[in-house]
Amino acid sequence: QDAVFEEKPLAGKKVVITAGGTREPIDPVRYLTNKSSGKMGYALAEAARAAGATVTLVAATSRQVSPAIQVILVGDTREMLAAVQKEMATADVYIGAAAVSDFRVAEVADHKVKKHGDEHMILDLVQNPDILKTVGEAKKPRQVVVGFAAETENLVENAQAKLVKKHADLIVANNVLEEGAGFNKDTNKVTLVTADQEPIQVAAKLKTEVAEDIIALVADLLTS
Ligand code: CTP
Ligand code: CA
């Protein structure tokens, strides 16, 4: 992979990437999560390293990764946000590839939740902080902020709305219902949405290859 970025376009840059699905505790033995494998975030970390960057991966899912990449393992969304905010103080690029849980349990039980007869169980959920939006709003002029958009309809329109709302420079949009895209697969099919360029449709390919395309565009955005 190093050969793809022979010119090391991210040399001297620090890139912070999130990966995996956050886990929101319910009680001491249970949590809410999603189907994210973390593959896209880990592939981005390797591609950024190959491009010469110093990489910090804030991961909610543990996978094999090259030792040159610093991994900070986190559990829930608020923990991920705190780790990201700390790292962004010295970063040039943020890439939010994690599947962040939109909600968490309002009150985590201190003890294992028990069944009571055959009653319904209702979990009270509250919204989590938006990590990408928080980073986008706090962005320094030369920082580049990248998010993803998981959509099932109106892909480009929804991605453009997220770009604006979260003050991102690039949104990597994927239709998660489409063949060869989305959760827990080795391939992805994405559309790259920026403020200034026409949306770029990338043909379905390996996540490792998609990651290289994203990192190449990030390098362009850093110099433009
Ligand atoms: N994201 C985040 N923090 C959240 C929710 C989402 O940082 N609490 C980030 C994701 O990591 C991704 C981007 O925002 O980079 C878009 O996530 P997505 O789930 O597509 O959009 P949401 O803003 O959560 O909106 P919705 O799920 O309602 O479409
Ligand atoms: Ca969401």
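For ligands, and for the atoms within them, numbers begin at 1 and follow the listed sequence. Quantities reported herein were computed from a predicted structural model and do not represent experimental measurements. Counting from 1, the numbers follow the sequence of the chain as shown.
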Kindly determine whether Val15 and Asp92 satisfy side chain to side chain contact (heavy atoms under 4.5 Å, CB included), including the steps that lead there. CA-CA 6 Å; Val15 178; Asp92 301 285; over 6 Å; no
With [X], which of [options] fulfils side-chain contact (heavy atoms from CB on, under 4.5 Å)?
X      : options                    : answer
Glu24  : Asn128, Asp102, Thr33      : Asn128
Lys162 : Glu157, Glu151, Lys133     : Glu151
Thr191 : Val202, Val156, Ile200     : Val156
Val71  : Val58, Val65, Thr56, Val55 : Val65

Protein residue, atom and distance nearest to [atom], heavy-atom basis:
atom                    : value
atom 12 (C) of ligand 1 : Phe148 O, 3.3 Å
atom 26 (P) of ligand 1 : Lys162 NZ, 4.1 Å
atom 4 (C) of ligand 1  : Val100 CG1, 3.4 Å
atom 11 (O) of ligand 1 : Ala98 O, 2.9 Å

Compare all side-chain heavy atoms of Leu132 with those of Val145 and state whether any distance is below 4.5 angstrom.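 With C-beta onward as the side chain, the pair touches.
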Does Gln127 reach ligand 1, in the sense of a heavy atom lying below 4.0 Å from it?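 It does not, in that no heavy atom of Gln127 comes within the 4.0 Å cut-off of ligand 1.
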Output, in order, the C-alpha distance, side-chain angles, deciding distance and verdict of side-chain hydrogen bond (donor to acceptor under 3.5 Å, both in side chains) for Thr22 and Thr77. CA-CA 6 Å; Thr22 56; Thr77 298; 3.2 Å; yes
Give the atom numbers and elements of ligand 1 that come within less than 4.0 Å of a heavy atom of [X].
X      : result
Asp102 : 5 (C), 24 (O), 27 (O)
Gly147 : 15 (O)
Pro129 : 3 (N), 4 (C), 8 (N)
Ala149 : 20 (O)
Leu132 : 2 (C), 7 (O), 9 (C), 13 (C), 14 (O), 15 (O)

Test item: side-chain donor near acceptor, Thr54 and Lys14, under 3.5 Å: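 There is no such pair between these side chains.
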How about Arg63: does its CZ atom have over 12 heavy atoms from other parts shown lying under 6.0 Å from it?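 Yes, enclosed.
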Close N or O approach (Lys166, ligand 1; < 3.5 Å):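 The answer is yes, given that Lys166 and ligand 1 share an N or O pair closer than 3.5 Å.
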Distance-only N or O hit between ligand 1 and Ala97, under 3.5 Å: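 No, no N or O pair falls under 3.5 Å.
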Please report whether atom 19 (O) of ligand 1 has a protein non-hydrogen atom at a separation of less than 4.0 Å.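 Not a single protein heavy atom is under 4.0 Å away.
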Among Ile131, Val135, Asn34, Thr77, whose heavy atom sits nearest atom 3 (N) of ligand 1?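 Going through Ile131, Val135, Asn34, Thr77 one by one, Ile131 has the nearest heavy atom to atom 3 (N) of ligand 1.
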